[in-house]
Protein chains: 2
Amino acid sequence: MSWKRQDREERGYHHGNLREALIKAARELIKEKGPAGFTFADAARSAGVSAAAPYRHFRDREALLADVAREGFQRFEAMLSTGWAGGKPDPITAFHNIGRAYLAFARAEPAYYAAMFESGLPPDINVELRAAGDRAFGVLRTAAETLVGLLPAGKRPPALMMSLHVWSLSHGIASLFGRGDAGRRSLPMTAEELLESAMLIYLQGLGFPPKA
Amino acid sequence: MSWKRQDREERGYHHGNLREALIKAARELIKEKGPAGFTFADAARSAGVSAAAPYRHFRDREALLADVAREGFQRFEAMLSTGWAGGKPDPITAFHNIGRAYLAFARAEPAYYAAMFESGLPPDINVELRAAGDRAFGVLRTAAETLVGLLPAGKRPPALMMSLHVWSLSHGIASLFGRGDAGRRSLPMTAEELLESAMLIYLQGLGFPPKA
DNA sequence: CTTTAATGTAAACTCCCTTAACATGAGCTG
DNA sequence: CAGCTCATGTTAAGGGAGTTTACATTAAAG
């Protein structure tokens with residue numbers, strides 16, 4: 001395991017891929033101590049360079065965090081898309097799979113998740129971040145639109161509202177109970193079971209049949 | 001506006017109520033820059049005392065934060081209790097009022113809310129904090145138990161699960177959209193409308209009549 | 001070989017945390 | 001009221017860490 005370029009050369013004066021190395025270091029530090037628990041200098045130290053080196057690649061700590069978050073949203077979108085799987089095997093099952101993917105991401109990538117949602121970053125800090133976030137949410141919205149289409153014409157809720165409901169629910173569960181981190185509140189059930197049961201009740205409230 | 005004792009005397013050597021003044025200063029700093037955005041010395045400066053003074057009242061910065069959070073949970077509990085109002089005028093309406101109270105608190109007291117849920121504090125950092133949090137959640141749980149009792153005996157979901165669902169949903173909405181803070185995502189509806197609509201659908205899914 | 005931009009380093013600068021030693025004032029006791 | 005005592009703040013000093021500027025080195029291009 002090396003932060004420097006994995007295979008080639010020994011690294012002379014130049015690091016070779018410092019930008020990526022800093023993002024990776026930031027992720028590991030966030031995972032350990034939270035989005036506020038590391039400093040620009042810490043990231044540099046982890047990457048094996050001097051404290052001033054990061055300034056060549058990021059204007060400040062916030063810019064580094066924003067890049068971590070952007071990268072996170074990209075992976076998040078990919079994971080949600082995989083869960084949705086184009087609505088296969090059937091839209092309802094696929095919708096539940098998005099929920100599972102949501103929690104799985106929060107659990108597997110707590111550092112990305114924290115940078116995305118708990119770092120206090122303004123979503124508009126740059127265009128790319130905003131766009132990446134919107135694309136991830138778009139997966140949920142598309143899925144909601146498909147589901148809404150299954151209901152009889154008179155009983156269709158707004159798909160945007162529905163996707164916001166599910167997003168909020170998922171985020172709430174992930175924030176409160178989603179990470180095994182010590183110190184979090186304990187539960188009589190898993191976060192996944194909690195989300196699944198809530199979604200079942202919610203979908204039933206919208207008029208979807210109990211057994212899909 | 002003065003940090004010192006509001007009316008009497010000019011403050012001589014002693015501050016008179018530094019402990020409370022520090023908590024208040026912390027709240028204002030959190031509101032401005034987030035739970036991680038201030039330091040022990042900052043709080044002292046805001047309270048108008050030397051950097052060493054806070055050590056007479058709090059072991060460290062974390063202890064100060066914990067006290068802010070504890071105080072927040074107490075007010076939170078009071079606000080939720082007022083919303084519930086013992087189940088008046090009827091349990092369903094009162095349940096919705098809890099939701100409104102939840103969002104109102106997050107909006108009116110972002111500093112408390114951040115200290116309670118977004119500061120990274122372990123809930124078990126001291127017994128009082130844990131107990132205060134549990135009491136606040138207890139309001140929601142009691143309400144859920146009352147509601148569950150309205151359903152026919154064979155169709156009652158676990159009240160604990162139901163309260164966790166609503167808590168997660170409320171927290172998710174509050175976290176993602178609840179604060180008017182610049183930088184948050186914008187919505188085609190208010191957070192209150194979003195929560196109310198979600199709770200209506202959820203309750204209908206549990207078998208509560210559409211019009212209560 | 002020289003030039004130039006990219007990339008790191010080193011060191012100055014500032015700020016924070018923490019503790020120790022001292023000062024003040026409020027309340028109790030006789 | 002005089003004197004003791006303790007809680008509360010202050011000043012001062014150390015040690016450490018983060019940020020940032022000025023300078024040094026390398027790689028690549030002409």
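None of the values given here were measured: they were computed from a predicted structure.
In this entry the distance linking CG of Leu64(B) with P of dC17(C) reads 11 Å, nearest Å. Computed from coordinates, the Leu29(A) CG to dG18(D) P distance equals 11 Å when rounded to whole Å. If you measure from atom CD of Glu20(A) to atom C1' of dT7(C), you get 17 Å, rounded to the nearest angstrom. Separating the CZ atom of Phe38(B) from the C1' atom of dC15(C) is a distance of 17 Å, rounded to the nearest angstrom. Going from atom CG of Asp42(B) over to atom C1' of dC15(C) covers 10 Å, rounded to whole Å. When the C1' atom of dC16(C) is taken as reference, atom CG of Asp60(B) falls 14 Å away, rounded to whole Å. The interatomic distance linking Leu22(B) (CG) with dG9(D) (P) rounds to 8 Å, in whole Å.
Contact annotation: Tyr55(A) reaches the phosphate of dT20(D) (side-chain N/O to OP1 or OP2, under 4.0 Å). Phosphate contact (OP1/OP2 of dA17(D), side-chain N/O of Thr39(A), threshold under 4.0 Å): absent. Distances shown here put a side-chain N or O of Arg45(A) below 4.0 Å from the OP1 or OP2 atom of dG18(D). Contact check, His57(B) against dG9(D): a side-chain N or O comes under 4.0 Å of OP1 or OP2.
The side chain of Ala41(A) approaches dG18(D) more closely than any other nucleotide in the set dT20(D), dT9(C), dG18(D). The side chain of Ser50(A) lies closest to dG8(C) when the candidates are dG8(C), dA20(C), dT19(D).
Taking the six-membered ring wherever Trp is involved, the centroid distance between the rings of Phe40(B) and Phe58(B) does not fall below 6.0 Å. In summary, the aromatic rings of Tyr102(B) and Phe76(B) are positioned with their centroids under 6.0 Å apart.
Both Arg61(B) and Arg56(B) lie close to DNA chain C; mapped to their nearest nucleotides by heavy-atom distance, the more 5′-ward contact belongs to Arg61(B).
Side-chain N or O atoms of His171(B) include none that pairs as donor or acceptor with a backbone N or O of Ser175(A) at under 3.5 Å.
Contacts of Phe40(A) with the nucleic acid, taken as non-hydrogen atoms under 4.0 Å apart, involve only primed sugar atoms and P, OP1 or OP2.
Cation-pi geometry between Arg70(A) and Tyr112(A) is not met: the NZ or CZ atom fails to fall both under 6.0 Å from the ring centre and inside 45° of the normal.
No hydrogens or angles considered: nothing links the side chains of Thr39(B) and Asp42(B) as a donor-acceptor pair under 3.5 Å.
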